[in-house]
There are 2 protein chains.
Amino acid sequence: MLVRIDFESDEAFYIQLRNQIIMGIAMSELREGESLPSVRDLAEDIGINMHTVNKAYSILKQEGYVRLDRRRGAVIAVDANKLLAEEELRMQLKTIVARALCKELSPEEIRLTLDSVLSDFR
Amino acid sequence: MLVRIDFESDEAFYIQLRNQIIMGIAMSELREGESLPSVRDLAEDIGINMHTVNKAYSILKQEGYVRLDRRRGAVIAVDANKLLAEEELRMQLKTIVARALCKELSPEEIRLTLDSVLSDFR
DNA sequence: TTCCTGTTATATGGAAAGTGTAACAGTGCA
DNA sequence: TGCACTGTTACACTTTCCATATAACAGGAA
């Protein structure tokens, strides 16, 4: 899986990295049980510091996307707490739906955009 | 409209404030042409600094939700660029949908959550 | 043993967030 | 003409976060 950091972005490197790995899991480019590169290798590949990669991995562990193994490194292992996930989803949707409605997007347009996004996965 | 800051949150005060005002507009608690409190008054009300409120107002102006008037203060004035708004919506959905899919929420469950969120507005 | 894991500790530079005080330039009102 | 109220700008200051750097430690594998 290809990872790339936007050095111009105002998003922190470790946030960009975390999001891309989550995206990779959702797109099935990364599969359950698969190992991610070691913190040192990945850091060198994408041109950032080891600790920054480590921070991304630690957060992914805390959020239940990987398990960290001293020998195998970071292994994809999604802990699916559906109730918690739905509550998070609802909170995040609330904010961005509010923005869309202000900008006069209709509920129907918002639904269609969601369908379009959903169809990009798989 | 009631504004409240969560001092424990890791979200910046000016981001919390911006989001709540956008929420107010979307919920029709704040209407086109209505004035927001002055930066000094609001700052005192919610217990934060004037400059922090000013920062929120400036961002709301930049994002096209208010116009800043030297005499009337911040006035609700939504500049609805639908094309831009839809592109923003799509980008934001992409990230949170990926998270939901990883946590084994189905596309149908995601759609239902969106419908539930949409029904909370108005 | 040697090498590669993640993990931890400590230090540093830079940017952002938040506060504080102060002043300035318009505008409306008495 | 003053006064009070807007947003706006300019500094200074503290604290936190981001990212880097160097170094060391512990555990598993070859």
Side-chain angles (χ1 to χ4, degrees), chain A residues 1 3-22 30 33-79 95, chain B residues 1 3-22 30 33-79 95:
Chain A
M1 181 201 166
V3 175
R4 208 164 31 83
I5 296 296
D6 177 3
F7 291 92
E8 309 303 319
S9 169
D10 56 346
E11 255 188 342
F13 298 166
Y14 74 93
I15 297 289
Q16 291 185 47
L17 184 50
R18 179 197 64 165
N19 287 345
Q20 287 189 38
I21 290 169
I22 290 174
L30 297 171
E34 187 172 337
S35 284
L36 294 174
S38 79
V39 291
R40 291 172 175 83
D41 282 353
L42 186 51
E44 180 136 11
D45 275 7
I46 61 187
I48 63 177
N49 190 276
M50 177 194 77
H51 291 104
T52 308
V53 175
N54 191 257
K55 190 166 183 178
Y57 282 10
S58 295
I59 289 180
L60 285 166
K61 175 188 179 185
Q62 183 195 329
E63 293 180 339
Y65 292 96
V66 306
R67 121 179 83 85
L68 295 180
D69 189 316
R70 206 175 274 278
R71 44 201 163 161
R72 301 188 50 209
V75 180
I76 305 294
V78 176
D79 167 31
T95 304
Chain B
M1 182 201 164
V3 174
R4 208 164 30 83
I5 296 296
D6 177 3
F7 292 92
E8 310 303 319
S9 169
D10 56 346
E11 253 188 343
F13 298 166
Y14 74 92
I15 298 289
Q16 292 185 47
L17 183 51
R18 179 198 63 166
N19 287 345
Q20 287 189 38
I21 290 169
I22 290 174
L30 297 172
E34 187 173 338
S35 284
L36 294 174
S38 78
V39 291
R40 291 173 175 84
D41 282 353
L42 186 52
E44 180 135 10
D45 275 8
I46 60 185
I48 63 177
N49 189 276
M50 175 196 77
H51 295 298
T52 308
V53 175
N54 191 257
K55 190 166 182 176
Y57 281 10
S58 296
I59 289 180
L60 285 167
K61 175 189 178 185
Q62 183 195 329
E63 295 180 339
Y65 292 95
V66 306
R67 122 180 83 83
L68 296 180
D69 188 317
R70 205 176 274 277
R71 43 202 163 159
R72 299 189 50 207
V75 179
I76 306 295
V78 177
D79 167 31
T95 305

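Convention: sequence-line order gives letters A, B, ...; per-chain numbering from 1.
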Ignoring hydrogens and angles, does a donor from either the side chain of [X] or the base of [N] sit under 3.5 Å from an acceptor on the other?
X        : N       : value
Arg40(B) : dT8(D)  : yes
Arg70(B) : dG26(C) : no
His51(A) : dA9(C)  : yes

Where the side chain of [X] is defined as all heavy atoms beyond and including C-beta, which of [options] is the nearest nucleotide?
X        : options                  : value
Ala12(A) : dA17(C), dG7(D), dC18(D) : dC18(D)
Ser38(A) : dT27(C), dT5(C), dT20(D) : dT5(C)
Asn49(A) : dT19(C), dG7(D), dT20(D) : dT20(D)

Nearest whole angstrom, please: distance from the [atom2] of [N] to the [atom1] of [X].
X        : N       : atom1 : atom2 : value
Lys61(B) : dG7(D)  : NZ    : C1'   : 10 Å
Glu11(B) : dA17(C) : CD    : P     : 12 Å
Lys55(B) : dT8(D)  : NZ    : P     : 15 Å
Arg71(B) : dG7(D)  : CZ    : P     : 13 Å
Asp69(A) : dC4(C)  : CG    : P     : 18 Å
Ile59(B) : dG18(C) : CD1   : P     : 10 Å
Ile5(A)  : dC18(D) : CD1   : P     : 14 Å
Leu60(A) : dT7(C)  : CG    : P     : 12 Å

For this session: Check every strand shown and say whether Asp41(B) touches a base, only sugar-phosphate, or nothing at a heavy-atom separation below 4.0 Å.
Result: sugar-phosphate
For this session: For dC18(D), take OP1 and OP2 only and decide whether either is under 4.0 Å from a side-chain N or O of Tyr14(A).
Result: yes
For this session: Tell me whether the OP1 or OP2 atom of dA17(C) has a side-chain N or O from Thr52(B) closer than 4.0 Å.
Result: no
Exercise. Does CD belonging to Glu44(B) count more than 12 external heavy atoms closer than 6.0 Å?
Worked result: no
Exercise. More 5' along DNA chain D: Phe13(A) or Asn54(B), using each one's nearest nucleotide?
Worked result: Asn54(B)
Problem set entry | Closest approach of Leu68(B) to Lys61(B) (non-hydrogen atoms, all atoms of both residues) | CD1-CD, 3.8 Å
Exercise. Taking side chain as C-beta onward, heavy atoms only, is Val66(A) less than 4.5 Å from Val75(A)?
Worked result: no
For this session: Any chance you could lay out the ring pair (Phe, Tyr, Trp, His ring centres under 6.0 Å) test for Tyr14(A) and Tyr57(A), step after step, and finish with the verdict?
Result: CA-CA 9 Å; Tyr14(A) 74 93; Tyr57(A) 282 10; over 10 Å; no
Problem set entry | Candidates Thr52(B), Leu42(B), Ile59(B) - the one meeting side chain to side chain contact (heavy atoms under 4.5 Å, CB included) with Leu17(B) | Leu42(B)
